[in-house]
*Asks:* 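This structure is in structure tokens; I'll ask about it shortly.
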Number of protein chains: 2
Amino acid sequence: MDDKNISQAVVARLPRYYRYLGDLRGSGIERISSQDLSKLMNVTASQIRQDFNNFGGFGQQGYGYNVEYLYNEIAKILGLNEKHNLIIIGAGNLGQALANYMNFERRGFIVKGIFDKNPDLYGKELRGIVVQPVERIEDFVRENAIDIAVLTIPKDGAVKTAEKLVRCNIKAIWNFAHVDLKVPESIVVENVHLSDSLMKLSYGIANQ
Amino acid sequence: MDDKNISQAVVARLPRYYRYLGDLRGSGIERISSQDLSKLMNVTASQIRQDFNNFGGFGQQGYGYNVEYLYNEIAKILGLNEKHNLIIIGAGNLGQALANYMNFERRGFIVKGIFDKNPDLYGKELRGIVVQPVERIEDFVRENAIDIAVLTIPKDGAVKTAEKLVRCNIKAIWNFAHVDLKVPESIVVENVHLSDSLMKLSYGIANQ
DNA sequence: AAAGAATTGACAATCATTTAACAATATTGT
DNA sequence: ACAATATTGTTAAATGATTGTCAATTCTTT
């Protein structure tokens with residue numbers, strides 16, 4: 001599990017496995033073979049076995065994989081058994097939508113604070129959390145053991161804000177700003193570039 | 001440009017090139033070599049040249065690439081010169097946020113309609129567009145030459161809705177629902193699975 | 001308890017992507 | 001106008017990812 005050379009391609013597939021296993025589990029299915037799962041997910045059985053074997057074998061010859069067990073193991077690999085405190089920086093459209101929509105708490109991500117630079121929003125409540133001025137970020141991160149910052153601000157401020165977060169030892173940034181952040185390697189950055197995604201879709205229309 | 005075997009990896013990198021070239025262009029820079037761009041973007045110069053050559057050479061030996069020209073060529077490849085009518089299905093947190101946040105119009109994506117199944121939202125205006133009942137989707141798509149549907153509804157309804165969209169000849173679906181849609185190959189689906197992204201981030205924290 | 005069927009984990013083979021190298025060509029400076 | 005420099009496009013090599021195969025193992029049935 002602590003293996004450091006798992007390829008990005010494999011990691012990117014884990015959440016999808018987790019989703020399908022959750023569904024199977026919800027349907028009361030106890031075991032599944034790589035072949036049946038491969039048909040369900042539209043990938044090769046070989047890839048499924050190869051992927052799981054990156055983390056040690058979870059299956060049993062002649063039997064397949066126990067759904068519940070595999071589901072829980074993947075959760076562990078993904079770190080979903082750990083709780084993480086997070087803050088949202090940028091209480092605009094997207095920040096508010098994520099706060100309301102993402103169901104963070106159910107997955108062990110605890111929204112501890114929301115910040116904005118617009119004074120009109122100070123004091124506004126979102127899911128019981130009061131919007132604070134961005135000037136308070138640094139103290140707040142240090143005082144509340146914040147692991148994750150969700151960055152939903154325009155690109156102009158994003159780079160500077162990321163540098164600030166680095167200084168107060170944030171562990172990870174979920175970046176929705178349309179810019180590449182420059183942070184030390186030890187800090188996890190997961191980008192969600194929505195306009196890139198829309199351009200890929202546009203490419204698909206143009207070239208199919 | 002009509003080449004059909006461009007790898008997904010290459011296409012996924014195009015929006016990033018486009019973004020950097022847009023910035024360079026904004027700074028008034030006229031030309032750039034693959035080497036300079038590679039330093040800027042933190043990739044290899046070889047990859048840049050290889051990527052562009054998938055679509056024909058845009059550079060000139062001894063000179064490099066003309067920023068303005070390359071920028072425009074990538075826009076064409078991505079189909080950004082074409083206008084597309086789109087509808088948003090699901091006027092909840094995320095649907096509203098995207099409508100307000102994405103600046104669709106500036107990029108040639110025209111929001112023509114917004115739909116929801118919640119009667120409380122009928123008639124509500126978002127950016128001048130009135131929310132309509134989902135029952136009207138099929139007629140609306142046909143009557144207004146809609147190319148793209150943005151799916152921001154819970155997973156339960158998403159699969160059925162996608163099937164409905166297929167029947168009225170939608171070209172592409174930008175899918176934010178946490179489920180894999182089953183549609184014919186000719187229809188472009190671009191998934192934005194936010195919880196998958198958050199899990200990848202979680203993995204990053206757990207394994208670094 | 002034994003035989004047959006199922007299925008994994010590991011390895012090998014194939015396929016795809018990325019990087020390196022370099023000849024061909026254009027630019028720049030003298 | 002020439003030599004030196006820069007830089008692409010292309011081909012080859014190296015690396016990485018996916019798929020196929022099969023012995024080893026477990027399960028299931030009789």
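Below, read A as the first sequence line, B as the second, and so on, with proteins coming before strands; counting in each chain starts at 1. Only this structure's heavy atoms are used, side chains among them; waters, hydrogens and symmetry mates stay out.
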*Asks:* Are more than 12 heavy atoms, taken from residues, nucleotides or ligands other than B:N42, located less than 6.0 Å from that residue's CG atom?
*Replies:*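 For B:N42, atom CG is not crowded (no more than 12 foreign heavy atoms under 6.0 Å).
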
*Asks:* Please determine, by modelled atom types, if A:D196 and B:Y18 share a side-chain donor-acceptor pair under 3.5 angstrom.
*Replies:*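 B:Y18 and A:D196 do not have a side-chain donor-acceptor pair below 3.5 Å.
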
*Asks:* In whole angstroms, how far is the C1' atom of D:dC27 from the CD atom of A:E30?
*Replies:*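 Rounded to the whole Å, the gap is 15 Å.
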
*Asks:* What is the distance from CD1 of A:I32 to P of C:dT7, rounded to the nearest Å?
*Replies:*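 Distance, rounded to whole Å: 10 Å.
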
*Asks:* Please step through side chain to side chain contact (heavy atoms under 4.5 Å, CB included) for the pair A:L40 and A:L24, ending with a clear verdict.
*Replies:* CA-CA 10 Å; A:L40 204 59; A:L24 289 168; 3.9 Å; yes

*Asks:* When you compare the side chains of B:N191 and B:N175, does any donor N or O come within less than 3.5 Å of an acceptor on the partner?
*Replies:*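 Side-chain D/A pair, B:N191 to B:N175: present.
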
*Asks:* Do other residues, nucleotides or ligands put more than 12 heavy atoms under 6.0 Å from the NZ atom of B:K117?
*Replies:*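 Atom NZ in B:K117 is not crowded, with 12 or fewer foreign heavy atoms closer than 6.0 Å.
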
*Asks:* CG of B:N54 versus P of C:dT18: gap in Å, rounded?
*Replies:*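 Atom-to-atom, B:N54 to C:dT18, this comes out as 10 Å.
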
*Asks:* Do nucleotides 21-30 of chain C as a string where each nucleotide becomes B, S or -: B if the base has a protein heavy atom under 4.0 Å, S if just the sugar-phosphate does, - if no protein is that close.
*Replies:* BB-BBBSS--

*Asks:* Measure from NZ or CZ of A:R31 to the centre of the six-membered ring of A:Y63 and say whether it is under 6.0 Å with the direction within 45° of the ring axis.
*Replies:*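 Ring-cation test returns yes.
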
*Asks:* OP1 or OP2 of D:dT26 versus the side-chain N and O atoms of A:Y65: is any pair under 4.0 Å?
*Replies:*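 For D:dT26, neither OP1 nor OP2 has a side-chain N or O of A:Y65 closer than 4.0 Å.
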
*Asks:* Using the benzene-type ring in the case of Trp, are the ring centres of B:Y71 and B:Y17 under 6.0 Å apart?
*Replies:*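 No - the distance between ring centres of B:Y71 and B:Y17 does not fall below the 6.0 Å cut-off.
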
*Asks:* Using whole Å, report how far CE of A:M41 lies from P of D:dT19.
*Replies:*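 For the pair A:M41 CE and D:dT19 P, the rounded distance is 13 Å.
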
*Asks:* Starting at the 5' end of nucleotides 13-18 of chain D, put B wherever the base has a protein heavy atom under 4.0 Å, S where only the sugar-phosphate does, and a dash everywhere else.
*Replies:* ----SS

*Asks:* Report yes if at least one side-chain N or O of B:N53 is closer than 4.0 Å to OP1 or OP2 of D:dT10; otherwise report no.
*Replies:*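 For D:dT10, OP1 or OP2 has a side-chain N or O of B:N53 closer than 4.0 Å.
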
*Asks:* Write down the distance between CD (A:Q35) and P (C:dG9), rounded to a whole number of angstrom.
*Replies:*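 Computing the A:Q35:CD to C:dG9:P distance gives 15 Å.
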
*Asks:* So, do A:F109 and A:N85 sit near enough that their side-chain heavy atoms are less than 4.5 Å apart?
*Replies:*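 Counting from C-beta outward, A:F109 and A:N85 never come under 4.5 Å.
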
*Asks:* How many Å lie between CZ on A:F52 and P on C:dT7, as a whole number?
*Replies:*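 Answer to the nearest Å: 15 Å.
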
*Asks:* Looking at A:S34, I'd like to know whether one of its side-chain N or O atoms comes within less than 4.0 Å of OP1 or OP2 on C:dT8.
*Replies:*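 For A:S34, the contact criterion (side-chain N or O under 4.0 Å from OP1 or OP2 of C:dT8) is met.
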
*Asks:* With the threshold set at 4.0 Å, does a side-chain nitrogen-carboxylate oxygen contact exist between B:K83 and B:D147?
*Replies:*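 Answer for the salt bridge query: no.
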
